[in-house]
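Just so you know, residue 1 is the first one in the sequence shown, and it goes up from there.
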Amino acid sequence: MPFHCSMAWWEAWSRFSRKDGSALRPGARRQPASESPEVPRQTPVACTATGGMRPARSPAELGLTAYDRRMTGTAGWRPLVEGESREHALRVARELAESLEEHARRVPLSASLSGGAAGLALLFTWLDRVHASAHDAVMAERLLGEAMDAVASRPMGATLYSGMTGVAWAVEHLTGGGEEEEGNGLEDVDAVLARRLGVSPWTAGFDLISGLAGLGVYALERLPRADARRCLEGVVSRLAELAEERPEGLTWKTQPQWLPEEKQREQPHGRYDLGVAHGVPGLIPVLAGAVRAGVAVEHAWRLLRGAWNWVMAQRLPQAGMRLPHAILPDRAPSPSRPAWCYGDVGASLAMHTAARAVGEATWKADALAMAQAAASSPVEDSGVTDVPLCHGAAGLLHVYNRLYQATGEEVFATAARRWLEITLRQRQPGQGIGGYAYLTWDDRGTQVWAERPGLLEGTAGIALALLAAASSVEPTWDRVLLMSLRGVQ
């Protein structure tokens, strides 16, 4: 689904960007066009696109009186560690940022939120928020500008993690525009996504990384704008047409053509995925966000309840590893190791967040019990071999830190501190970027260590997790990972 966007949003960004980077700071006044420097104009190109029902509750009944537009969500975020441990984590985060700057001078970055400039812009923005720095603010603004320039200058897919929607999400999250303010240039993106989501049947994926759930994350970030509501309504409608009814609830099939080539050979009939990144658990917070925002409430509630019931029905007996990786038609399910992307840890946080969003106390208790069992499991049994947010030590650090901040339970603080120690201990100077490399496979199927700069599988994500552990600035950037929802305390 490639798109080619007009220069309108790039030019809107240029109108309020500043040389000191302060446009990315909360509460910054938008720079009037009369104060902005001249920017080269290019010919604009228009965006084009190649179970039982429960009574619905209103946003007011859920305790939501107005949709929260604040850049900082939950009040009272507190450092996970103090003293020398805190200073050590902050020092490493700074060193990682310096290594990323040096890397970016040598190696061109992609635009993407997951692995490129848009994700690095999040890191430098949070460095500036933790300790005000004109240098970091300027770096963040430059990186975001580079990502936007890439979107404006060449066709790009619409997915959240590797396409234009992710760049647009970063722009919205970092500039924090509102309906009453001068636009930040994303109206074209809203309109084209709303039109695309209005087309049935939907033939692309449903997941967070590259499908409907990812588009829902963008729409939630852009609410309460009218086109954002249309996008979210479209996400709910397309999910409804893809849903499959089962005795346990509702589920969504990952079709074989959506899988990598090697997986298509292994799973020719597709699968029913149970990871936050690619599966049904990733739909649950998006649907809860729609219910909470009062968007397509009746349909979203039906899908949400069906998805919740189906996921919980797939649990296996082994405490701490209850959710399998996937359900396949020709083999017995097996436990998935702990990570954000798959397994009990990431799914329990996503589901706990969703339960809090819609005020479901029983759901909240069930998700919490799954998270508690995972947090109490021995590190030696985890199978974790590297550090990235997606499936490594830093991801477990951040998920458990989020759970601790949400619940105050010491079991999560203990687990988070344990994974913080492991994250810092696994740093190897001279390896990868800033001492961290990513374990992957080469073309011959051999495991190799590779350097990755990005948010999801690279050094930027590790640095962000360290900042969250060592500062009092809430990491609202993790909404893109469905670790939090705006306004959910």
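- In this model, a donor atom of one side chain and an acceptor atom of the other lie less than 3.5 Å apart for E241 and S200.
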Tell me which donor-acceptor pairs under 3.5 Å the side chains of residues 315-328 have, and how far apart each pair is, sequence neighbours excluded?
{"residue": "R315", "atom": "NE", "partner": "M312", "partner atom": "O", "Å": "2.8"}
{"residue": "R322", "atom": "NE", "partner": "L316", "partner atom": "O", "Å": "2.7"}
{"residue": "R322", "atom": "NH2", "partner": "L316", "partner atom": "O", "Å": "3.3"}

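- Between the CG atom of L439 and the CD atom of E457 there is a distance of 11.0 Å, given to the nearest 0.5 Å.
- Every side chain to side chain contact (heavy atoms under 4.5 Å, CB included) that S471 has, sequence neighbours left out, goes to V130, V473.
- Between R225 and D227 no salt bridge is recorded (no basic side-chain N to carboxylate O distance below 4.0 Å).
- Considering CG of L456 and SG of C390, their distance stands at 4.5 Å, rounded to 0.5 Å.
- No donor-acceptor contact under 3.5 angstrom links the side chains of R418 and Y400, judged on distance only.
- Checked against salt bridge (charged side-chain N to carboxylate O under 4.0 Å, His left out), E380 has no partners two or more places apart in sequence or in another chain.
- Residue D344 holds its CG atom at 10.0 Å from CE of M351, rounded to the nearest 0.5 Å.
- Looking only at distances, a side-chain donor or acceptor of W202 sits under 3.5 Å from a matching main-chain atom of G205.
- Under a 3.5 Å cut-off, the side chain of R196 and the backbone N or O of A191 do not form any donor-acceptor pair.
- The pair R238-E233 fails the salt-bridge criterion, with no side-chain N (NZ, NE, NH1 or NH2) lying under 4.0 Å from an Asp/Glu carboxylate O.
- Distance check, rounded to the nearest 0.5 Å: CZ of R78 to OG of S472 gives 11.5 Å.
- Checked by atom type, the side-chain pair D386/Y436 shows no donor-acceptor distance below 3.5 Å.
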**Item:** From CA spacing to verdict: side-chain hydrogen bond (donor to acceptor under 3.5 Å, both in side chains), E410, Y404
**Value:** CA-CA 7 Å; E410 195 59 31; Y404 169 58; 4.7 Å; no

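- Side-chain contact between Q314 and L274: present, with at least one pair of heavy atoms (C-beta onward) separated by less than 4.5 Å.
- Judged purely by distance below 3.5 Å, without hydrogens or angles, the side chains of E172 and Y218 never pair a donor atom with an acceptor atom.
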Under 3.5 Å, which donor-acceptor pairs do the side chains of residues 331-339 form with other protein atoms, sequence neighbours left out?
{"residue": "R331", "atom": "NH2", "partner": "E266", "partner atom": "O", "Å": "3.2"}
{"residue": "R337", "atom": "NH1", "partner": "H391", "partner atom": "O", "Å": "3.0"}
{"residue": "R337", "atom": "NH2", "partner": "H391", "partner atom": "O", "Å": "3.0"}

With a 3.5 Å cut-off and sequence neighbours excluded, list the donor-acceptor pairs that the side chains of residues 253-264 form with protein atoms.
{"residue": "K253", "atom": "NZ", "partner": "H269", "partner atom": "O", "Å": "2.9"}
{"residue": "W258", "atom": "NE1", "partner": "T203", "partner atom": "O", "Å": "3.3"}
{"residue": "Q264", "atom": "NE2", "partner": "L259", "partner atom": "O", "Å": "2.8"}

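- Separating the OH atom in Y342 from the NE2 atom in H278 is a distance of 5.0 Å, to the nearest 0.5 Å.
- The only member of T459, L109, L123 that meets side chain to side chain contact (heavy atoms under 4.5 Å, CB included) when paired with P453 is L109.
- Listed by chain and residue number, Q372 satisfy the side chain to side chain contact (heavy atoms under 4.5 Å, CB included) test with A369 (two or more places apart in sequence, or in another chain).
- E474 and R129 are not joined by a salt bridge, as no carboxylate oxygen comes within less than 4.0 angstrom of a charged side-chain nitrogen.
- Relative orientation of the H173 and W126 rings is parallel, given thresholds of 30° and 60° on the angle between their planes.
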**Request:** Could you check D207 against Y161 for side-chain contact (heavy atoms from CB on, under 4.5 Å), going step by step and ending with a plain yes or no?
**Result:** CA-CA 11 Å; D207 65 337; Y161 276 65; over 6 Å; no

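- At least one donor-acceptor pair closer than 3.5 Å links the side chain of W340 to the backbone N or O of L481.
- The two residues A463 and A93 make their nearest non-hydrogen contact at O-CB, 4.0 Å.
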